[in-house]
Amino acid sequence: MSQIGRAERIRLALVMVGLPARGKTHMARRVARYLRWLGLETRVFNVGNYRREHLGSHQAHHFFDPTNAEGLAGRRRVAELALDDMIGWFAQGGEIGIYDATNTTRERRGRLRDRLAAHGLEVVFIESVCEDEAVIEGNIRQTKLRMPDYAGVAPDEAVRDFRARIAHYERVYEPIEEREGSFVRVIDVGRKVVAHRTQGYLASRLVYFLMNLHVAPRSIWLTRHGESAFNVDNRVGGDPPLSPRGERFARALGEHVEELGVDRASVRVWTSTLRRTRMTAAPLGLPTEEWRALDEIDAGECDGMTYEEIQERLPGEHAARRARKLTYRYPRGESYEDVIRRLEPVIIELERERRPVLVIAHQAVLRALYAYLMDRSLEEVPYLPVPLHTVIRLTPITYACEEERTRLIESG
Ligand code: F6P
């Protein structure tokens, strides 16, 4: 699929830089998820995975010692393999390749840049710098100890070995310099972000995205409004009030929030501007923020019709939507792609927010948000199940989100 709102083809290599346990892989995956959601063909090439696959996963820290000639040669080889694959992938139509490795020396970065440039690929380095010992320790314990590298090794022993591995890299690490070209330096997971020669719309969006990332644990709850008068007849769009069953759900949601185990007052509640979401939020008794961007997909000339009426009166439209639901745009209305595009500020705000967020919105809009949070493909978006009267709790853990669904009342 073409990137939403883009005129020409993009080919960009993002090259991660930084010592081990600085959250590079986390950042690479989050960036990839965001870019994929925007419709760009994006893939992460993680050199650590190539190393494990080609050289085995149980390498003690000596392997990473820069004076260990054999280790160095092995690491070079797998780094080249990953790079070859990435270049091959670009040749097949890849748009944004993320090369995830330490790339700690200027010499190695120079070689990377030259090889990529020879294939007409532009490079932006993303350097992750982290001096916060607590964050580093957390990274080691949460992600590194779970790697196959340390399967069967006692945690304290694994931490000691990993710290020795970091020390090897520290001896040769040369932070990125301005003369090396375009880069974004992210310090202490977004506390400070420095951008150097990052030009163009996409690179600026990337910088903005990186500025808003954090790793603080918190949950996001997604729910549709309670059943509306239109839901009862299977009508699309409109601004109907809740049905009596929908009101029951709103009350149940109020009680559910009491039981979530979070400080109620800390929860941010977002609704659309439509009546059915505002009525659903009312029993919570919490301040709410209304987002126009969270309004349901605009069904244009079909607004207020049932699906059967659309099929009868506008059979061509009905068939076109069935054939390609993601890109189909209602006459004078919106497509799923349009919805995704207008949700971008909501995504950035969700990334930035450290408090728990409860989003009360609509089927199409929540499908799009869910797809982002769960890294599902755009093709799946229009079909993702987001039933009424069900609260979806998503909690980011290391590289993904944990999901829990709670059905509060029967939908009838
Ligand atoms: O039926 C409820 C509803 O929120 C409509 O207002 C909206 O048009 C529809 O869901 C979106 O779902 P779909 O894209 O599957 O028609």
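Start at 1 and go down the list; that is how both ligands and their atoms are numbered. Side-chain atoms are counted along with the backbone in the values below, which use heavy atoms only and exclude waters and symmetry mates. The residues of the chain are indexed from 1 along the displayed sequence. Just so it is clear, the model here is predicted, and its values are computed rather than measured.
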Within 45° cone and under 6.0 Å: [X] NZ/CZ vs [Y] ring:
{"X": "Arg165", "Y": "Phe64", "result": "yes"}
{"X": "Arg109", "Y": "Tyr173", "result": "no"}
{"X": "Arg33", "Y": "Tyr372", "result": "yes"}

Q. Are more than 12 heavy atoms from other residues, nucleotides or ligands located less than 6.0 Å from atom CD of Glu80?
A. yes
Q) Which of parallel (below 30°), tilted (30 to 60°) and perpendicular (above 60°) describes His362 and His225? A) tilted
Q) Regarding Asn234 and Thr306, is there a side-chain donor-to-acceptor distance under 3.5 Å anywhere? A) no
(Q) Just to be sure I understand the cut-off, which residues have at least one non-hydrogen atom under 4.0 angstrom from an atom of ligand 1? (A) Arg224, Asn231, Val236, Gly237, Glu296, Ile297, Tyr307, Arg321, Lys325, Tyr336, Gln363, Arg367
